[in-house]
Amino acid sequence: MVVRTSSSPSTPAESLEALRRTAPLTQCITNAVVTNFTANALLALGAAPAMCDIPGEAGLFAGIAGGVLVNLGTPTAEQRDAAREAVGAGTPWVLDPVAVGALPVRTALARDLLAARPSIIRGNASEILALAGAGVGGRGVDATDSPDDALEAARTLARATGATVAVSGEVDLIVDADRTARVTGGSVLLTRVTGGGCALGAAMAALSAVTTPFDAAITASAIWAIASERAASVSRGPGSFAVAFLDELAALEPIDLRSVDIRTERTGADGAGTAR
């Protein structure tokens, strides 16, 4: 496990450098639809993926991993037990509450897992609203709300759990108890391939091994923004985009992240923000 200190990387460029230098072992308890794409995205980025989701092993493995992803896309009984084991290991972990709200099994599980205090909660706006008890979820895995619709719900979740909450959308929102960051950019083609958002959660888990949850979420969102834009520029459609996106993750240099538009503001106790 990678130990983070007060001198941990704080900029996206520094965080990507640290990930590439250490190649953190990243455990993914994730859905069956996206395992291959998620593993390839982590490898392209520079992390070391492991899809260890068997009860009796998941908790042990989480103890040696640098970061853990718990994605509720296909929460079989075995995966539910494995997730409960893994989140008790003390390793930074990311909760991706896929399709919570309308579906009762995953919704109950997601709310139970919140008690284990995830480092990051990543979802679309409808999922974040539902997890906070302020909405009923989207249309399956698709959001029917905008990130700004979920801003107050994200702040509520962040204060209640101590987690950083990442709301994915046209402009990604990254929220903790007293800050809100907006990461602008990205290609709509990310929504046309299976696993774009799920792999983003895995990248946040990998980066959580080398930096703080807030900076990990910002860095992963910035990486996704620029890599997807570059991939879209050389793609004919979703199929070629998926391949190009992996290539762009691998080709991305830390200095490239300086071009991403990231704006952070402090949030007061009354919810008002002060731009920085």
Side-chain angles (χ1 to χ4, degrees), residues 12 28 30-31 33-34 37-38 41-42 45 69-73 93-101 106 110 118-132 134-135 137-158 163-176 179-208 213-229 231-232 238 241-242 245 249 257 260-264:
C28 299
T30 193
N31 75 76
V33 182
V34 303
F37 187 81
T38 298
L42 286 175
L45 192 60
L69 169 68
V70 175
N71 175 298
L72 304 185
W93 69 281
V94 175
L95 174 63
D96 193 333
V98 177
V100 299
R106 72 191 65 219
S119 302
I120 299 171
I121 301 166
R122 190 223 72 86
N124 64 41
S126 297
E127 291 162 348
I128 297 303
L129 282 162
L131 190 60
R139 190 186 63 175
V141 300
D142 295 328
T144 54
D145 302 277
S146 73
D148 274 321
D149 292 335
L151 178 57
E152 289 307 316
R155 287 174 174 162
T156 297
L157 273 177
T164 290
V165 181
V167 189
S168 298
E170 290 185 9
V171 176
D172 292 343
L173 298 181
I174 315 298
V175 178
D176 70 7
R179 291 172 293 181
T180 299
R182 295 174 183 269
V183 181
T184 301
S187 170
V188 70
L189 284 173
L190 274 173
T191 66
R192 302 284 304 280
V193 299
T194 299
C198 298
L200 173 60
M204 290 181 183
L207 285 155
S208 293
F214 189 74
D215 291 320
I218 288 175
T219 300
S221 296
I223 289 169
W224 253 235
I226 193 166
S228 65
E229 288 176 352
F241 171 82
F245 180 67
L249 287 177
L257 295 177
V260 180
D261 183 10
I262 302 170
R263 302 180 185 184
T264 303

Practice task
Please name all residues satisfying ring-ring contact (aromatic ring centres under 6.0 Å, His included) with F214, sequence neighbours left out, ordered by chain then number.
Solution key: none

For the atom pair [atom1] ([X]) and [atom2] ([Y]), what is the distance rounded to the nearest 0.5 Å?
X: L45; Y: I223; atom1: CG; atom2: CD1; answer: 5.0 Å
X: L249; Y: S228; atom1: CG; atom2: OG; answer: 9.0 Å
X: N31; Y: D96; atom1: CG; atom2: CG; answer: 8.5 Å
X: L95; Y: M204; atom1: CG; atom2: CE; answer: 12.0 Å
X: E152; Y: L129; atom1: CD; atom2: CG; answer: 10.5 Å
X: T164; Y: I218; atom1: OG1; atom2: CD1; answer: 8.5 Å

Handout entry: Chi angles and distances behind the side-chain contact (heavy atoms from CB on, under 4.5 Å) call for L151, V167
Key = CA-CA 8 Å; L151 178 57; V167 189; over 6 Å; no

Please name all residues satisfying side-chain contact (heavy atoms from CB on, under 4.5 Å) with [X], sequence neighbours left out, ordered by chain then number.
X: T156; result: none
X: A110; result: L72, P97, V100, L131
X: A202; result: C28, T38, L42, L69
X: D172; result: S168, V183, S221

Nearest non-hydrogen partners of [X] and [Y], listed with the distance:
X: S208; Y: I120; value: OG-CD1, 3.5 Å
X: V34; Y: G195; value: CG1-CA, 3.5 Å
X: A242; Y: V193; value: CB-CG1, 4.1 Å
X: G185; Y: A225; value: C-CB, 3.7 Å
X: A41; Y: A199; value: CB-CB, 4.0 Å
X: P213; Y: S119; value: CB-O, 3.4 Å

Handout entry: Polar side-chain atom of E127 near backbone of N124 as donor-acceptor pair, under 3.5 Å
Key = yes

Problem - Backbone of A216 reached by a side-chain donor or acceptor of T219 within 3.5 Å - result: no

Handout entry: Within-4.5 Å side-chain heavy-atom neighbours: V70 and W93
Key =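 When only atoms from C-beta onward are counted, W93 and V70 do touch, with a gap below 4.5 Å.
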
Exercise for the section: Report yes if the side chains of V260 and P12 come closer than 4.5 Å at any heavy-atom pair, otherwise no. Expected result: no

Problem - Residues forming a side chain to side chain donor-acceptor pair (under 3.5 Å) with R182, sequence neighbours excluded - result: D148

Problem - Aromatic plane relationship, W224 with F245 - under 30° parallel, 30 to 60° tilted, over 60° perpendicular - result: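 Perpendicular, since the angle between the ring planes exceeds 60°.
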
